[in-house]
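Working notes for the structure below.
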Amino acid sequence: VGTMNPPTHVERSRLVSRLARIVLTVGLVVAVLSGLVPPTPMASAQPEPSPALLPPVEPLPEAAPAPLALTMLQEEALPFNPPSPTSISAAGDPIWTSETVDPGPGTGRYASLAIGDAGSLHVSYYDQGSGDLRYGLFDGSTWITTTVDGPGDVGQYTSLALDGAGNPRISYKDFGYGIGKLRYARFTGTGWITETVHNFSDDAGSYTSLALDLADNPHIAYLDISSFETLGYAYHDGAWNYETPDWTGQAGGHISLALADGLYPRVSYYDMLNDALLYAARDGTWSITEVNGPGGGGLYTSLALDAANQPHISYFAQSTGELRYAHLVGSTWISETVAVPGGTQVHTSLELDASGTPHIAYFDDLTYSLGYATLDGTDWITQTVETSGVGGYPSLALDAGGYAHIAYYHYIDGLKHAWMQPCTPAEVLDVNGPRTLILGSWSIFTATVSPSSASVPLEFTWQPPGLAPVTYESHTTETTIEMPA
């Protein structure tokens, strides 16, 4: 260790001047993030610049610490111990969590999700590797998956609905031997029964959409291709009956079906000749309405009816790259932009909550991400559920609390399930740490929370006078902060 000579009078004056300029009193404010994130790594310390030659000055008095204002939110655990959240959202927003249901590349295409009365989750999907139709059930503690139909190329374009007993029914396409057939499967409580619904055209069963009426009879809308493409409709009332709501040859698939009053069919679908969204309704006879006009788009439609049986439709306008939402007010269709994801294949899935508010899950093939949008008054609020690797086919359902669940396909992980968790307030009692930091120095700050077992995401923000805020995030109650020099 070398010997240090005492500072001269001039050096002491310079040192006092330097300290007077760099000691900053900082106020501590704690805000909250509702997503877990790793602590931001500390920036490496920077050497302080040599002070300019200035006449000696008296030290400045240290300012009083700013008042401490602290808030925090605690994650409310769902009944089934979910894994860690996968994304970050704004303070106070619900947290998205995801899990793998059935792993493997190619597993999970054409997913269709429904939620049972007791909160059970049911999902049908296609396993491209085996060419099978598969079904997954979450019973409250674990996922159970099984093959419903196979082998062969069966299980594309699945659509799932639950009957009055809570048993699943599924419509889907069988493309074995290169000829498309519309098929239907139902679970009896002990086993699956499958049957062919339509096999008398060149190709049938793409874009199937299933709904059950009040007597649990199945109704299926689908694309029927013979000499040209038509909108097909089949329903069972002791035997299968067949209708063709649209014979014009303009039906381009992207079909979604709902039943008004639990009986009368309503169908949204794509007009491929005019690049438009069409809506078909039957109250005795079929009528077809153009929703948005030529060039307005209509890919990947998803239809829901509100309590007054008024239709609400999400869809993708490829010409403008917009995710759009249309709804009927009286006799007038109103269409608006929800988001502009930027991709060319934006799959959509729409649900209405108990108040009639629309919620939309969507896939963006530009970023291979999964998004979620909901209408807040007149503004659409969007969130990113998963940022990469998503392969499409989102299916949205809302639980009894109004929280969203999405089944979707991931290129690497296979079939996945993401769900929204609410946050509830928790009390921050104190934050232990210095109220003054010298620029370029660091210190540890620890928040004391109630209950003491809480481990929640915190955002620590320092506001040095005259400088930009300095923010560090932590998934524990402790963080290490370094003030930049």
Side-chain angles (χ1 to χ4, degrees), residues 157 159 161 169 171 173 180 182 184 196-294 296-315 326-335 350 352:
Y157 299 103
S159 181
R169 314 279 189 96
S171 63
K173 182 178 182 177
L182 173 63
Y184 172 69
T196 297
V197 177
H198 184 144
N199 66 347
F200 44 83
S201 59
D202 295 339
D203 185 276
S206 294
Y207 301 102
T208 81
S209 185
L210 169 68
L212 303 180
D213 64 26
L214 298 177
D216 281 338
N217 292 318
H219 299 244
I220 308 172
Y222 58 99
L223 185 64
D224 179 12
I225 303 175
S226 292
S227 56
F228 49 84
E229 298 186 1
T230 61
L231 174 63
Y233 173 70
Y235 65 96
H236 192 280
D237 59 0
W240 284 103
N241 302 272
Y242 306 92
E243 299 178 3
T244 307
D246 190 339
W247 283 94
T248 61
Q250 63 188 3
H254 305 275
I255 295 164
S256 185
L257 167 70
L259 299 179
D261 294 324
L263 183 60
Y264 303 103
R266 306 287 190 261
V267 184
S268 62
Y269 62 105
Y270 178 55
D271 176 355
M272 67 177 181
L273 296 182
N274 298 299
D275 184 29
L277 174 63
L278 298 178
Y279 177 72
R282 191 191 72 179
D283 293 290
T285 59
W286 285 98
S287 63
I288 298 175
T289 304
E290 193 174 69
V291 174
N292 57 1
L299 298 175
Y300 307 107
T301 80
S302 183
L303 167 68
L305 303 179
D306 62 25
N309 287 318
Q310 292 290 85
H312 301 249
I313 306 171
S314 64
Y315 63 99
H327 62 111
L328 187 62
V329 179
S331 58
T332 302
W333 284 97
I334 308 249
S335 183
L350 168 72
L352 303 178

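- Between S159 and the options L257, L210, I255, a side chain to side chain contact (heavy atoms under 4.5 Å, CB included) holds for only L210.
- Atoms OH and CD1, on Y233 and I220 in that order, are 10.0 Å from each other to the nearest 0.5 Å.
- Donor-acceptor pairing under 3.5 Å is lacking for the side chains of Y184 and T208.
- The closest donor-acceptor contact from the side chain of R282 to the backbone of P245 lies at 3.5 Å or more, if one exists at all.
- Taking the six-membered ring for Trp, Y270 and Y207 have ring centres at least 6.0 Å apart.
- From T230, atom OG1 reaches atom CD of E243 across 12.5 Å, with rounding to the nearest 0.5 Å.
- Taking the six-membered ring where tryptophan is involved, the planes of H327 and H312 are essentially parallel, since the angle between them stays under 30° and well short of 60°.
- Contact check for N241 versus H219: no side-chain heavy atoms found under the 4.5 Å cut-off.
- Looking only at distances, a side-chain donor or acceptor of D306 sits under 3.5 Å from a matching main-chain atom of A308.
- Inspection of the D224 and S201 side chains reveals an N or O donor paired with an N or O acceptor under 3.5 Å.
- Contact record, G293 with A276: O-CB, 3.4 Å, taken as the closest heavy-atom pair.
- Not one N or O on the side chain of Q250 forms a donor-acceptor pair closer than 3.5 Å with the backbone of D271.
- No side-chain heavy atom of N309 sits under 4.5 Å from any side-chain heavy atom of R266.
- H236 and W240 have perpendicular rings, their planes meeting at more than 60° on a 0 to 90° scale where under 30° would count as parallel.
- With 3.5 Å as the limit, one finds a donor-acceptor pair spanning the side chains of D246 and Y269.
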Pair L223-Y157, side-chain contact (heavy atoms from CB on, under 4.5 Å): steps then yes or no:
CA-CA 11 Å; L223 185 64; Y157 299 103; over 6 Å; no
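- Of all non-hydrogen atoms in D261 and L214, the two that sit nearest each other are O-CD1, 3.7 Å.
- With values rounded to the nearest 0.5 angstrom, I313 atom CD1 is found 9.0 Å from L305 atom CG.
- Counting all heavy atoms, side chain and backbone alike, A161 lies closest to L212 at CB-CG, 4.0 Å.
- Closest heavy-atom contact between A251 and E229: O-OE1, 3.0 Å.
- Contact of the S171 side chain with the Y222 side chain is not registered, since no non-hydrogen atoms from C-beta on lie closer than 4.5 Å.
- Residues A204 and H198 approach most closely at CB-CD2, 3.7 Å, considering heavy atoms.
- The two residues K173 and S206 have their closest heavy-atom pair at NZ-OG, 2.9 Å.
- Between L273 atom CG and T248 atom OG1 the span is 6.5 Å, to the nearest 0.5 Å.
- Interatomic distance, L350 CG to Y315 OH, rounded to the nearest 0.5 Å: 12.5 Å.
- Rounding to the nearest 0.5 Å gives a distance of 8.5 Å between NE2 of H254 and OG1 of T301.
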